[in-house]
Number of protein chains: 2
Amino acid sequence: MREVGIGGAARVSGVHVETIRYYERIGLVVAPPRSSAGQRRYGPVELRRLRFVRRARALGFSLDEIRALLALGAGGHACAEVRDIAQRHLDEIGRKIADLERMRATLAATVALCAGDAAPDCPILEALSDTEPVAGG
Amino acid sequence: MREVGIGGAARVSGVHVETIRYYERIGLVVAPPRSSAGQRRYGPVELRRLRFVRRARALGFSLDEIRALLALGAGGHACAEVRDIAQRHLDEIGRKIADLERMRATLAATVALCAGDAAPDCPILEALSDTEPVAGG
DNA sequence: GTGCCATCTGTAGCCGCTACAGGAGCAAGC
DNA sequence: GCTTGCTCCTGTAGCGGCTACAGATGGCAC
């Protein structure tokens, strides 16, 4: 028997115990069989699924996207749909990066105004209070 | 009187009506005076504060950071502290960008595996299920 | 006076967990 | 057989930062 309890599953999959239960509760992963005393027992199939979810989360997929990916994996591999989900997510990552880079540029420029501590009023606070719009905001 | 109601304040500041009330509720902005009928009236000072919060949010500051910035602005301008908060936030933006760029690289490489639709099994799902660790995960 | 928007309070929902409380199971040591 | 100390159980509430209602007034135009 290569079955493990929820703690072992957490160690093997890298998903926290509470998170595993959470995923089960919201129906993201299927409830595993239980021992006679009612404790969850995870076999290779369930562990593989948990790893899948952890990897997809690490790539920033939402739980809904992961749900869709799991369904596509279980059904007959609609490869084009998988690609579509992944590509859309990739585009969104790009948008997030662009947003953050705009923030960084604006904020860096603002911080640069405050070179030392010899200023009369704090230029950072001034910049945040000014009437002109902030770039990217 | 250049005072406005909460709707006008929302238009002028760019902060939604519900969000203004939310900010007041959590004590981020001071409750403005009320009209005789109990409606909020915003003057230039309050509007300036709302704009400040909106700008800072647009730059990704958390509400707690903004609270600190507002306190520093109200008190005697501890410019070094302001700079400190801004610099730390800048560092965190950098970390987020780096995380997202790692995600993007990994995901792009994975999507690239699925060039067309002639593959036997979906390489994206395969990559997510494999045992080797995902880069950056 | 009547229509209609703005405003009021209060509460519940979103995402993706995380952190409890208060109990039961289980393996090892004495 | 009994204690010790971990694991596991269920259920609920909290986080940040809003957003979306419901149901009741306010205020102004026609």
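To find a chain, count down the sequence lines: A is the first, B the second, and so on, and within it residues start at 1. These figures come from a predicted structure and were not determined experimentally.
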- Task: Starting from the 5' end of DNA chain C, give me the residue, V4(B) or G38(A), whose nearest nucleotide shows up first.
- Result: V4(B)
- Query: Is it true that K96(A) and D99(A) have a side-chain N and a carboxylate O under 4.0 angstrom from each other?
  - Reply: no
Which atoms of nucleotides 18-21 of chain D (N or O only) lie under 3.5 Å from a protein N or O atom, and what are those distances?
residue, atom, partner, partner atom, Å
dC18(D), OP2, Y23(B), OH, 2.7
dC18(D), OP2, R57(B), NE, 2.8
dT19(D), OP2, H16(B), ND1, 3.3
dT19(D), OP2, T19(B), OG1, 3.4

- Rounded off to whole Å, could you give me the CD-to-C1' distance for the E65(A) and dC15(C) pair? 13 Å
- Do the charged groups of D91(B) and R88(B) touch, with an N to O distance under 4.0 Å? no
- I6(A) CD1 - dG25(C) C1' separation (whole Å): 14 Å
- Tell me, do S13(A) and R54(A) make a side-chain contact under 4.5 Å, heavy atoms counted? no
- Starting at atom CD1 of I20(A), determine the distance to atom P of dG16(C), rounded to an integer number of angstrom. 17 Å
- Query: What is the distance, rounded to the nearest whole Å, between atom CD1 of I26(B) and atom P of dG14(D)?
  - Reply: 16 Å
- Query: With no hydrogens and no angle check, is any side-chain donor or acceptor of T19(A) less than 3.5 Å from a backbone partner on V15(A)?
  - Reply: no
- Message: Run the side chain to side chain contact (heavy atoms under 4.5 Å, CB included) test against R57(A) and tell me which residues pass, sequence neighbours left out.
- Response: Y23(A), V53(A), L63(A), I66(A)
Identify each atom pair where a protein N or O and an N or O of nucleotides 25-28 of chain D are less than 3.5 Å apart, giving names and distance.
residue, atom, partner, partner atom, Å
dG26(D), O4', Q39(B), NE2, 3.3

- Query: To the nearest Å, how far apart are E24(A) CD and dT18(C) P?
  - Reply: 17 Å
- Task: Using a strict 4.0 Å threshold on nitrogen-to-oxygen distance, state whether R34(A) and E24(A) make a salt bridge.
- Result: yes
- Query: Would a distance-only check, ignoring hydrogens and angles, find a side-chain to backbone donor-acceptor pair under 3.5 Å from Q87(A) to D84(A)?
  - Reply: no
- Please check if the side chain of R83(A) supplies one atom and the backbone of C114(B) the other of a donor-acceptor pair under 3.5 Å. yes
- Note on the structure: Here the distance between atom C1' of dT7(D) and atom CZ of R41(A), to the nearest Å, is 11 Å
- Inspect the surroundings of CZ in R48(A) and state if more than 12 heavy atoms from other residues, nucleotides or ligands are less than 6.0 Å away. no
- Message: Any base atoms under 4.0 Å from R34(B), or only sugar-phosphate, or nothing? Heavy atoms, all strands.
- Response: sugar-phosphate
